[in-house]
Peer 1: 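One structure coming up, written as structure tokens, with questions to follow.
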Amino acid sequence: MFKRLTLIALASATVLGASYAQAAQQLVPAKSEVRFAFRQMNAPIEGRFRKLSGTVDFDPAKPQASKADIIVDIGSIDLGNPEGETEARGKGFFNVPLFPQARFTAASFKPLGNNRFEVSGKLTIKNVSKDIVVPFTIKPEAGGAMTAEGAFPLKRLAFKVGEGDWADTDTVADDVQVKVRLSLAPAK
């Protein structure tokens with residue numbers, strides 16, 4: 001009887017553990033987004049990047065073993081204003097011909113409780129890399145899918161975004177709030 005209960009307990013633990021374990025995840029670009037907000041001449045401006053890609057291997061039960069590498073196509077900037085988008089792609093801001101991508105590579109994940117985590121890693125924009133920490137929440141979905149949502153502040157001038165006349169923080173604020181929503185599905 002004891003052996004049978006032990007086997008049932010082990011089988012149950014294996015099944016329950018499998019429901020939390022996640023295989024490598026695939027980013028679902030159509031359901032993912034990187035948004036940002038800043039102030040220009042003291043007026044609030046919001047935008048987004050329409051194209052991103054990457055790989056994520058995230059297990060909420062073992063966040064320390066997780067990995068992520070996210071690439072943002074800077075040329076896909078959307079400000080809702082074609083003139084502003086052309087300026088943002090130009091040499092004075094992102095200089096897309098020389099620096100077409102931004103990249104975040106995770107170094108470590110830390111659990112915070114209640115499906116909340118923190119990821120630390122390197123954000124690279126215009127060949128400038130800075131360590132950042134992003135708190136995020138995981139929302140499990142059907143079929144092993146999940147959504148990760150987080151936000152973090154950054155200083156645009158630390159990444160040389162806005163040079164020359166555009167370095168004036170009275171015109172364009174240095175503070176940028178970034179919001180990320182990544183839709184993740186089990187890799188095929």
Side-chain angles (χ1 to χ4, degrees), residues 25-58 66-110 112 116-137 147-184:
Q25 301 291 306
Q26 220 175 311
L27 184 68
V28 182
K31 295 180 178 180
S32 301
E33 64 183 2
V34 174
R35 293 193 163 275
F36 55 90
F38 62 97
R39 297 188 78 72
Q40 182 172 343
M41 299 188 75
N42 213 24
I45 305 288
E46 292 186 15
R48 68 182 177 123
F49 294 100
R50 294 185 307 267
K51 294 180 185 175
L52 57 151
S53 60
T55 57
V56 177
D57 184 353
F58 183 76
S66 298
K67 299 176 185 174
D69 187 31
I70 307 297
I71 298 169
V72 177
D73 177 345
I74 298 297
S76 73
I77 193 167
D78 179 355
L79 294 166
N81 174 331
E83 185 180 317
E85 292 161 9
T86 299
E87 188 70 47
R89 290 183 191 106
K91 189 175 181 180
F93 276 96
F94 285 107
N95 199 352
V96 170
L98 286 179
F99 308 104
Q101 299 176 332
R103 179 177 224 144
F104 175 74
T105 303
S108 66
F109 289 81
K110 178 175 142 185
L112 301 177
R116 294 178 308 118
F117 298 85
E118 187 177 88
V119 59
S120 300
K122 292 256 185 227
L123 176 63
T124 303
I125 302 172
K126 293 181 74 175
N127 272 356
V128 176
S129 295
K130 300 283 182 188
D131 292 322
I132 65 168
V133 176
V134 181
F136 68 97
T137 302
T147 300
E149 293 183 347
F152 62 97
L154 66 80
K155 301 283 189 186
R156 70 178 177 89
L157 294 176
F159 292 94
K160 299 181 184 175
V161 175
E163 298 182 63
D165 291 341
W166 293 111
D168 177 13
T169 57
D170 288 335
T171 303
V172 178
D174 193 22
D175 296 318
V176 179
Q177 183 67 27
V178 180
K179 293 181 182 178
V180 179
R181 184 173 51 81
L182 303 179
S183 178
L184 306 171

Peer 1: May I ask you to decide if T169's main-chain N or O and D174's side chain share a donor-acceptor pair within less than 3.5 Å?
Peer 2: no
Peer 1: Taking the side chain as C-beta and beyond, is there a heavy-atom pair between V180 and I70 under 4.5 Å?
Peer 2: no
Peer 1: Are any non-hydrogen side-chain atoms of I71 and L52 less than 4.5 angstrom apart?
Peer 2: no
Peer 1: Checking the side chain of R181 only, and the main-chain atoms of T147 only, is there a donor and an acceptor separated by less than 3.5 Å?
Peer 2: no
Peer 1: What pair of heavy atoms forms the shortest contact from E163 to K160, and how long is it?
Peer 2: OE2-O, 3.3 Å
Peer 1: Test of understanding: with ring-ring contact (aromatic ring centres under 6.0 Å, His included), list the residues that count as partners of F93, not counting sequence neighbours.
Peer 2: W166
Peer 1: Say you draw a straight line from OG1 of T55 to CG of L27; how long is it, rounded to the nearest 0.5 Å?
Peer 2: 9.0 Å
Peer 1: Do other residues, nucleotides or ligands put more than 12 heavy atoms under 6.0 Å from D165 CG?
Peer 2: no
Peer 1: Tell me whether K126 at atom NZ has more than 12 heavy atoms from other residues, nucleotides or ligands lying less than 6.0 Å away.
Peer 2: yes
Peer 1: Keeping the roles fixed (side chain from R156, backbone from V172), state whether a donor-acceptor pair exists under 3.5 Å.
Peer 2: yes
Peer 1: Check for a donor-acceptor pair, side chain of R48 on one end and backbone N or O of D78 on the other, with a separation under 3.5 Å.
Peer 2: no
Peer 1: Looking at every non-hydrogen atom in both residues, tell me the closest pair between G162 and L157 and how far apart they are.
Peer 2: O-CD2, 3.3 Å
Peer 1: So, for T124 and S129, which heavy atoms are closest and what is the spacing to 0.1 Å?
Peer 2: OG1-OG, 2.6 Å
Peer 1: Which value, rounded to the nearest 0.5 Å, describes the distance between Q101 atom CD and N127 atom CG?
Peer 2: 11.0 Å
Peer 1: Checking R50 now: which residues fulfil side-chain hydrogen bond (donor to acceptor under 3.5 Å, both in side chains) with it, not counting sequence neighbours?
Peer 2: none
Peer 1: Would you check, one step at a time, whether the test side-chain contact (heavy atoms from CB on, under 4.5 Å) holds for F49 with V178?
Peer 2: CA-CA 11 Å; F49 294 100; V178 180; over 6 Å; no
Peer 1: For D73 and S76, what are the C-alpha separation, side-chain angles and deciding distance, and is it a side-chain hydrogen bond (donor to acceptor under 3.5 Å, both in side chains)?
Peer 2: CA-CA 6 Å; D73 177 345; S76 73; 4.6 Å; no
Peer 1: Starting at NZ of K122, measure out to CG of D131 and round the result to the nearest 0.5 Å.
Peer 2: 3.5 Å
Peer 1: Please identify each residue that fulfils side chain to side chain contact (heavy atoms under 4.5 Å, CB included) with A151, with sequence neighbours left out.
Peer 2: Q177, K179
Peer 1: Could you work out, with side chain to side chain contact (heavy atoms under 4.5 Å, CB included) as the rule, every residue matching L123, not counting sequence neighbours?
Peer 2: F104, I125, I132, F152, L154, F159
Peer 1: Could you grab the distance from atom CG of L184 to atom CG of L182, nearest 0.5 Å is fine?
Peer 2: 5.5 Å
Peer 1: Tell me, please, which residues at least two apart from F117 pass ring-ring contact (aromatic ring centres under 6.0 Å, His included).
Peer 2: F58, F136
Peer 1: Under a 4.0 Å N-O cut-off, is there an ion pair linking K67 with D57?
Peer 2: no
Peer 1: Quick check: do V133 and S120 have side-chain heavy atoms less than 4.5 Å from each other?
Peer 2: yes
Peer 1: Flag yes if more than 12 heavy atoms outside Q40 fall under 6.0 Å of its CD atom; otherwise flag no.
Peer 2: yes
Peer 1: Nearest 0.5 angstrom please: S183 OG to E149 CD, how far?
Peer 2: 10.0 Å
Peer 1: Could you list the residues that satisfy salt bridge (Lys or Arg N to Asp or Glu O under 4.0 Å) with K155, not counting sequence neighbours?
Peer 2: D175
Peer 1: Closer than 3.5 angstrom, by distance alone: can the side chain of E85 be matched with the main-chain N or O of L79 as a donor-acceptor pair?
Peer 2: yes
